[in-house]
Amino acid sequence: MPEALSDFGARVVAWQKRHGRHELPWQNTRDPYRVWLSEIMLQQTQVTTVLGYYARFLERFPTVLELAAAPLDEVLTLWAGLGYYSRARNLHACAQAVAALHGGAFPASAAQLQTLPGIGRSTAAAIAAFCFGERVAILDGNVKRVLSRVLAFDGDLASTREEKRLWDRATALLPAREVDRYTQGLMDLGATVCTARKPDCGACPVNDLCAGQHEAERYPIKTRKLKRSRRENWWLWLEHEGRVLLQQRPAPGVWAGLWTLPLFDDEASLRAAAGGPLEPLPRIEHALTHFDWVLHPVRAVLRDAAPALPGTWVPREELASYALPAPLKKLFG
DNA sequence: GTCCGGAAGG
DNA sequence: CCTTCCGGAC
C-alpha cells in the first residue's frame with residue numbers, strides 16, 4: 001500500500017478505542033447469533049430504528065434455535081415496520097439452515113457464513129471479524145464512503161468491476177491485528193464523522209492522510225440513478241361485526257407475506273366489490289425504492305352480510321399481532 | 001421533496 | 001449486467 005497509508009489501520013484502531021461506539025446492544029459480545037441479527041437489521045436501516053426491534057427480537061427469540069422453530073408469520077410480525085421484508089424471510093431461512101446444518105452453531109468463517117441465506121460478502125465478513133477475529137474486509141455503505149474518500153477512489157461504484165477494485169483496496173488496508181476493532185472503527189467513522197453530508201473532517205483521525213478530504217462529498221462516485229415511477233391503487237377497509245378484512249400479500253413482491261387491505265386498480269372495481277355506503281379517507285403517499293405509491297383508503301362499515309371476498313376477517317383487537325406494513329399500521333392507528 | 005443503504009434473482 | 005425490495009432522517 002502507499003507509504004502514506006501504512007499507518008491507516010493503527011490510527012483507526014486507536015481512534016475507535018477513544019472515540020468509537022462501545023455500548024450498542026450488539027457490542028461486547030462474540031455471540032454470532034446476536035451479531036448476525038444486528039447486522040441483518042442494520043442493512044438499509046439506521047441504528048436508532050434498529051434498537052427497539054433488536055430488543056424485541058432477542059426477548060422473543062433468545063437463541064437461533066428458537067428463531068428457527070418459530071413460524072415465519074411471527075417473525076414477520078416482529079419485523080413489521082422495518083421494511084425490506086425479504087430480510088425477515090432470509091433471517092428465518094438462515095436460522096433454520098444453521099439449526100439443521102450446524103446444530104445451532106453458526107459456521108466460523110466468512111466463506112461459510114456467506115453461503116447462508118441473506119448473508120452476503122460484507123455481512124459475512126462483519127460476523128467473522130467480530131465473532132471469530134478473522135482478518136477479512138467488510139464493505140458496507142459506510143465503509144464504501146470512508147474508503148473511497150481516504151483513497152480518493154475515482155472508480156464508478158455502479159460498475160461491478162470498480163466495486164471489486166474497492167474490495168481489493170479494502171482488503172489491502174486491513175491491519176495485521178485487531179481487525180475486529182478496526183472494523184468497528186470504520187463503521188463508527190462512517191456513522192459519526194465521515195458522514196454522507198457535511199463530514200466533520202476536523203475530527204477525523206486520518207484527515208492528514210486522506211486523499212479526498214478537500215472534496216469529500218464528491219465520494220463515493222456512483223452514477224447510476226434510479227428512475228422512479230408512480231402507482232395508484234385503492235384500498236378497501238371493510239369492517240363487519242368488529243372484524244377487519246385482511247389479505248396476505250404474495251411472495252415475491254412488495255410487502256411479501258405481510259397483511260394488507262384488499263387492493264384494487266381503480267375506484268369502480270372497489271365499489272363493485274364492496275357494495276355499501278363508502279367513506280373515502282385521506283390519500284396515503286408511500287415512497288418505495290423504485291416507485292411512489294399513492295393509496296386511496298376507502299372505508300365501509302357493513303351492517304348486513306359481508307361480501308364474499310378472499311381474505312381473513314380479523315378482530316380489531318388482534319390487528320397488532322399481524323404483520324402490517326408501516327402505512328397500514330399508521331392507518332389503523 | 002431528496003437521499004440513504006446489501007443481497008438475491010434474473 | 002440490471003432490477004427488485006422500505007422506511008426514516010434530513
Side-chain angles (χ1 to χ4, degrees), chain A residues 35-54 76 78-94 97 110 113-127 137-149 156-164 166-167 170 183 186-187 190-192 194-199 217-231 249-260 284-295 323-331:
Chain A
V35 172
W36 164 70
L37 180 61
S38 74
E39 288 298 328
I40 301 300
M41 286 186 168
L42 288 164
Q43 292 168 1
Q44 283 85 29
T45 308
Q46 298 214 332
V47 168
T48 52
T49 306
V50 164
L51 288 170
Y53 285 88
Y54 184 76
L76 283 171
L78 271 177
W79 196 274
L82 262 187
Y84 286 99
Y85 297 96
S86 64
R87 289 185 295 169
R89 306 177 70 86
N90 282 333
L91 188 85
H92 190 239
C94 183
L113 286 163
Q114 203 183 328
T115 68
L116 295 167
I119 301 184
R121 182 172 176 184
S122 189
T123 301
I127 300 167
I138 68 163
L139 198 62
D140 65 10
N142 275 341
V143 176
K144 276 181 191 168
R145 193 170 57 248
V146 173
L147 295 188
S148 65
R149 285 173 178 173
D156 181 357
L157 296 181
S159 127
T160 311
R161 190 168 160 278
E162 294 302 324
E163 182 161 291
K164 174 71 167 64
L166 188 56
W167 270 107
T183 300
L186 282 185
M187 291 177 166
T192 65
C194 196
T195 48
R197 283 180 295 256
K198 298 184 190 250
E217 294 189 64
R218 205 181 135 225
Y219 303 98
I221 295 167
K222 191 164 188 175
T223 58
R224 189 200 308 144
K225 38 198 165 276
L226 83 162
K227 39 187 186 291
R228 303 184 68 115
S229 55
R230 187 172 174 279
R231 281 187 213 172
R249 302 266 313 173
V254 173
W255 296 336
L258 273 69
W259 296 81
T260 64
I284 295 168
E285 313 226 7
H286 190 69
L288 288 87
T289 311
H290 50 295
F291 63 94
D292 291 310
W293 207 351
V294 181
L295 292 158
L324 308 176
L328 194 54
K329 270 190 177 180
K330 200 176 299 180
L331 181 64

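Below, read A as the first sequence line, B as the second, and so on, with proteins coming before strands; counting in each chain starts at 1.
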Nearest whole angstrom, please: distance from the [atom2] of [N] to the [atom1] of [X].
X: A:L328; N: C:dC6; atom1: CG; atom2: P; value: 14 Å
X: A:M41; N: C:dC6; atom1: CE; atom2: C1'; value: 15 Å
X: A:D292; N: C:dC5; atom1: CG; atom2: C1'; value: 15 Å
X: A:R89; N: C:dT4; atom1: CZ; atom2: P; value: 18 Å
X: A:L42; N: C:dC6; atom1: CG; atom2: P; value: 18 Å
X: A:Q114; N: B:dG6; atom1: CD; atom2: C1'; value: 12 Å
X: A:I221; N: B:dC3; atom1: CD1; atom2: P; value: 17 Å
X: A:W293; N: B:dG1; atom1: CH2; atom2: P; value: 19 Å

request  = Within residues 138-148 of chain A, find the residues that approach DNA chain C with a heavy atom at under 4.0 Å, and present them sorted by residue number.
outcome  =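 Output list: empty, so none.
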query = Do A:C94 and A:I119 come close enough that some side-chain heavy atom pair is under 4.5 Å?
reply =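 Side-chain contact under 4.5 Å: yes.
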ask   = Is there side-chain contact between A:W255 and A:P327, with heavy atoms separated by less than 4.5 Å?
value =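 SC-SC contact between A:W255 and A:P327 confirmed.
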Which residues share a ring pair (Phe, Tyr, Trp, His ring centres under 6.0 Å) with A:Y84, sequence neighbours left out =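 For A:Y84 there are no ring pair (Phe, Tyr, Trp, His ring centres under 6.0 Å) partners, ignoring immediate neighbours.
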query = Between the side chains of A:R228 and A:T289, does any donor sit under 3.5 Å from an acceptor?
reply =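 On atom types as modelled, these side chains do not qualify, holding no pair under 3.5 Å.
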request  = Scan side-chain atoms only and decide if A:N142 and A:R145 contain a donor-acceptor pair under the 3.5 Å cut-off.
outcome  =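 Side chains of A:N142 and A:R145: pair found under 3.5 Å.
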Strictly under 3.5 Å: I want the nitrogen or oxygen pairs between protein and nucleotides 7-10 of chain C, one per line.
{"unit_1": "C:dG7", "atom_1": "OP1", "unit_2": "A:Y85", "atom_2": "OH", "d": "2.3"}
{"unit_1": "C:dG7", "atom_1": "OP1", "unit_2": "A:A326", "atom_2": "N", "d": "3.1"}
{"unit_1": "C:dG7", "atom_1": "OP2", "unit_2": "A:W255", "atom_2": "NE1", "d": "3.4"}
{"unit_1": "C:dG7", "atom_1": "OP2", "unit_2": "A:H286", "atom_2": "NE2", "d": "2.8"}
{"unit_1": "C:dG7", "atom_1": "O3'", "unit_2": "A:G81", "atom_2": "O", "d": "3.3"}
{"unit_1": "C:dG7", "atom_1": "N7", "unit_2": "A:A287", "atom_2": "O", "d": "3.3"}

inquiry  = Is A:T123 close enough to B:dG6 that one of its side-chain N or O atoms is under 4.0 Å from OP1 or OP2 there?
reply    =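 No, outside the criterion.
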query = Hey, which of A:V35, A:I40, A:I138 is the one that makes side chain to side chain contact (heavy atoms under 4.5 Å, CB included) with A:I127?
reply =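 Among A:V35, A:I40, A:I138, the one that satisfies the side chain to side chain contact (heavy atoms under 4.5 Å, CB included) with A:I127 is A:V35.
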request  = Report yes or no: does A:R149 contribute a side-chain atom to a donor-acceptor pair with the main-chain N or O of A:P220 at less than 3.5 Å?
outcome  =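 Looks like no, no N/O pair under 3.5 Å.
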inquiry  = Heavy-atom nearest nucleotide on DNA chain B for A:I119 versus A:T45: which residue maps closer to 5'?
reply    =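 By nearest-heavy-atom nucleotide position, the 5'-most residue is A:T45.
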Atom of A:T123, atom of A:E39 and distance for their closest heavy-atom approach =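 Minimum heavy-atom separation between A:T123 and A:E39: CG2-CB, 3.9 Å.
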ask   = With nearest nucleotides of DNA chain C determined for A:V254 and A:A158 from heavy-atom distances, which residue corresponds to the more 5′ nucleotide?
value =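 Result of the comparison: A:A158.
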message = Using a heavy-atom cut-off of 4.0 Å across all strands, would you classify A:R87 as base, sugar-phosphate, or nothing?
response =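 Since no nucleic acid heavy atom lies under 4.0 Å of A:R87, the category is nothing.
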task = Could you check A:K222 against A:D156 for salt bridge (Lys or Arg N to Asp or Glu O under 4.0 Å), going step by step and ending with a plain yes or no?
result = CA-CA 5 Å; A:K222 191 164 188 175; A:D156 181 357; over 6 Å; no
